[in-house]
2 protein chains.
Amino acid sequence: MPNSENNGRKSPRRVTLADVAREVGASTITVSRALRRPEMVSEGLRQRISAAVADLGYLPDPAARALASRRSDVIGVIIPSVTNSVFADVLSGLYDTVGGTPYNVQLGNTRYRPEIEEQLIRIFLSQRPAGLIVAGIDQTDSSRRLLESADCPVVQIMELASDPVDMLVGFSHRAAARAATEHLLDRGYTAPTFLGARMDPRSERRLQGFRDALDAVGMSTEGRELTTTEPSSVHLGGALLDRHRARAPGTDAVFCNNDDLALGAAFAAQRAGLKVGRDIGICGFNDLEVMAAAHPSITSVRTFRRQMGETAALRVLDHLGGKETGPRVVDLSYKLIPRSSTDRGA
Amino acid sequence: MPNSENNGRKSPRRVTLADVAREVGASTITVSRALRRPEMVSEGLRQRISAAVADLGYLPDPAARALASRRSDVIGVIIPSVTNSVFADVLSGLYDTVGGTPYNVQLGNTRYRPEIEEQLIRIFLSQRPAGLIVAGIDQTDSSRRLLESADCPVVQIMELASDPVDMLVGFSHRAAARAATEHLLDRGYTAPTFLGARMDPRSERRLQGFRDALDAVGMSTEGRELTTTEPSSVHLGGALLDRHRARAPGTDAVFCNNDDLALGAAFAAQRAGLKVGRDIGICGFNDLEVMAAAHPSITSVRTFRRQMGETAALRVLDHLGGKETGPRVVDLSYKLIPRSSTDRGA
DNA sequence: TTGTAAGCGTTATCAA
DNA sequence: TTGATAACGCTTACAA
């Protein structure tokens with residue numbers, strides 16, 4: 001510890017409510033009120049209390065507060081990955097929205113493992129969280145039961161469903177993927193393939209959307225899907241494209257599960273001497289910033305990740321503030337952004 | 001809340017230590033000991049307690065624990081950005097290392113604002129954290145004083161310094177940048193430029209390293225630096241390169257502050273009809289995964305971000321476990337990874 | 001508007 | 001090895 005020698009002094013006693021109360025000649029409960037419900041305390045007293053608080057440098061003890069009120073200031077957030085930039089954007093929206101409120105975000109990382117998710121839910125619940133935000137709708141049965149029994153607002157994010165545990169903010173991956181695939185067909189590509197990595201439940205739904213689009217035009221999906229459970233990466237996108245082209249040389253377009261794969265596919269195509277767009281159509285998913293800046297620019301399906309974090313946080317905060325307005329389910333939708341990588345004339 | 005109708009029942013009373021104690025016919029403090037220091041409790045009792053704990057589904061209340069022990073299970077982590085993938089990697093290492101211990105990571109996001117950093121430090125300290133991990137060494141004076149007075153282990157990360165508050169895990173940005181610039185010169189580029197965005201203190205040190213390298217060979221840095229305070233992005237990398245080439249057409253190489261800029265510069269160069277490597281050398285910083293997969297592959301300076309998170313967490317955990325071994329300062333160094341983008345013959 | 005009293009669930013301290 | 005008791009710092013419930 002920084003002050004381990006300690007200069008002979010004991011760690012200085014903490015400034016408590018009682019100290020502030022003594023300072024202004026009031027009771028602790030009054031000081032407590034002045035801090036949490038200022039309108040319940042008379043003007044003059046309130047001001048003297050503020051002054052004393054600043055003076056003494058009083059900071060509430062969240063543990064004592066949580067113990068007495070049976071309610072912590074923690075908003076628990078459970079996501080499968082911290083490195084995935086998709087979740088990073090969601091988190092950014094969350095932190096920006098929760099920052100400045102009296103609440104704190106605490107993150108749980110499931111690493112895509114349902115049993116860890118369940119454990120994290122238990123741990124969070126044991127803290128009596130102010131709210132809970134969980135990614136996805138594919139909780140195990142017992143996870144779901146735990147969430148249903150939570151006596152705090154719960155928001156599921158990233159997906160759409162008709163039966164949320166409590167509230168839900170997301171969009172339909174299936175519909176978005178279908179739109180992307182239809183875009184490839186509209187642009188005149190005749191032999192599209194789905195390239196997928198990791199294949200979590202969300203990826204599976206995107207694959208469904210891909211199939212929907214092919215089904216709709218009577219096209220077989222046979223040999224038009226190449227997926228792996230490996231974690232996604234740019235490199236893997238290239239490898240998948242190379243592998244698939246070796247087996248199915250006629251392929252003239254790929255819909256990639258995410259933008260990393262699409263970027264990697266674009267690099268691999270160039271490496272193979274193909275002209276992206278003309279020789280092979282490439283569409284990604286999420287529309288990370290790099291897609292617009294790439295050369296050539298890469299078509300993607302934009303998703304509103306930051307807004308998802310913001311909205312989820314707002315729904316929790318509203319509930320905590322007593323405003324239970326707004327719908328339980330928010331569909332943030334998606335938007336196809338056509339670019340050069342799916343322009344055959346480019 | 002999920003169970004707001006509540007089915008008529010009150011929210012079920014929490015299972016406490018007392019419940020477990022009653023179940024096994026022991027006192028609460030014994031149960032408490034059995035959980036935290038099993039070796040202090042007799043074998044038989046210990047086993048009956050474990051059984052009862054599992055049976056009743058007892059989970060300790062972290063708030064009560066924190067209040068009574070004056071020590072929370074929170075390891076506070078203060079970083080300037082959650083979206084920056086550099087920090088995402090550090091976080092990933094942190095979460096992986098802290099996960100499975102009784103401690104919890106709680107994240108504070110300064111958004112690159114020193115005053116927010118100071119406020120976050122105060123808030124964390126008011127929680128009596130188990131440990132504190134902060135990015136950088138450029139805290140304000142009062143932030144630094146706060147950290148020095150903390151009675152928990154404190155680890156600064158991302159940089160090197162001879163006077164850490166407590167412990168430090170990082171590397172020299174200045175030396176790394178110098179190595180990158182020397183690489184450009186070694187490869188025969190004669191007119192390198194530094195491209196920088198955001199320009200936080202770490203970026204400034206990288207700029208210093210760039211200058212060091214030019215100074216060493218007697219080259220002027222005049223007109224060889226293009227920086228902006230805008231946040232970094234792939235697009236911006238391209239824009240900076242375009243802007244700089246318009247003013248200084250003789251430029252034959254760029255050292256970019258980070259990989260996003262380098263990637264953007266590579267795209268912009270290709271868009272301008274330049275052959276990356278032959279016509280313009282490009283070197284990035286951090287060596288994100290995309291750099292190796294890009295076409296052409298892009299030279300970068302690898303930094304050990306995940307390991308930085310792991311090491312920082314381990315240092316904290318070791319201290320908490322009483323093992324105060326290991327150096328106070330850990331230099332994780334860096335590694336130049338030469339690739340096609342700085343190969344003039346490619 | 002202010003205050004009193006009684007906890008919240010755990011651990012530190014001291015004793016047996 | 002086990003336990004009784006008194007905190008820890010705050011808020012809820014009830015009074016005045």
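Note on naming: letters A, B, ... go to the chains in the order of the sequence lines (proteins, then strands), and numbering restarts at 1 for each one.
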If I take atom [atom1] in residue [X] and atom [atom2] in nucleotide [N], what distance separates them, rounded to the nearest angstrom?
X        : N      : atom1 : atom2 : result
B:Arg71  : D:dC8  : CZ    : C1'   : 13 Å
B:Leu67  : C:dA12 : CG    : P     : 12 Å
A:Asp19  : D:dC8  : CG    : P     : 11 Å
B:Asp73  : C:dT11 : CG    : C1'   : 15 Å
A:Glu39  : C:dT2  : CD    : C1'   : 15 Å
B:Met40  : C:dT11 : CE    : P     : 13 Å
A:Gln127 : C:dT10 : CD    : C1'   : 15 Å
B:Arg13  : C:dC8  : CZ    : C1'   : 12 Å

Looking for any heavy atom pair under 4.0 Å, which part of the strands does [X] touch: base, sugar-phosphate only, or nothing?
X       : answer
B:Glu43 : nothing
B:Arg46 : nothing
B:Ala63 : nothing
A:Arg37 : nothing

- A:Ser27 vs C:dT4: side-chain N/O to OP1/OP2 distance below 4.0 Å: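 So the side-chain polar atoms of A:Ser27 never come under 4.0 Å of the phosphate oxygens OP1 or OP2 of C:dT4.
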
- Distance check: side-chain N/O of B:Thr30 vs OP1/OP2 of D:dG3, anything under 4.0 Å? yes

- Are the side chain of A:Ser32 and the backbone of A:Thr28 linked by a donor-acceptor contact shorter than 3.5 Å?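 No, the answer is negative, given that no donor and acceptor are paired below the 3.5 Å cut-off.
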
- Among C:dG9, D:dC8, D:dT2, the nucleotide that comes nearest once only the side chain of B:Arg70 is considered: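 So the side chain of B:Arg70 is nearest to D:dC8.
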
- Item | By side-chain contact (heavy atoms from CB on, under 4.5 Å) - contacts of A:Arg22 (at least two apart) | A:Ala18, A:Asp19

- Could you tell me whether A:Asp151 and A:Arg71 make a salt bridge, using a distance below 4.0 angstrom between a side-chain N and a carboxylate O? yes

- Salt bridge present between B:Asp55 and B:Arg48 (N-O < 4.0 angstrom):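 B:Arg48 and B:Asp55: not salt-bridged.
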
- Task: Indicate yes or no: at least one non-hydrogen side-chain atom of A:Leu320 is less than 4.5 angstrom from one of A:Tyr103.
- Result: yes

- Query: When you check every protein heavy atom under 4.0 Å of nucleotides 10-16 of chain D, what one-letter string (B, S, -) results, 5' to 3'?
  - Reply: BSBB---

- Query: Under 3.5 Å, is there a donor-acceptor pair linking the side chains of B:Ser142 and B:Glu118?
  - Reply: yes

- Hey, could you give me each pair passing side-chain hydrogen bond (donor to acceptor under 3.5 Å, both in side chains) that has a residue in residues 87-97 of chain A? Not counting sequence neighbours.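 Every side-chain hydrogen bond (donor to acceptor under 3.5 Å, both in side chains) pair that includes a residue of residues 87-97 of chain A, provided the two are not neighbours, is A:Asp89-A:Arg305, A:Ser92-A:Arg306, A:Asp96-A:Arg306, A:Asp96-B:Arg111.
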
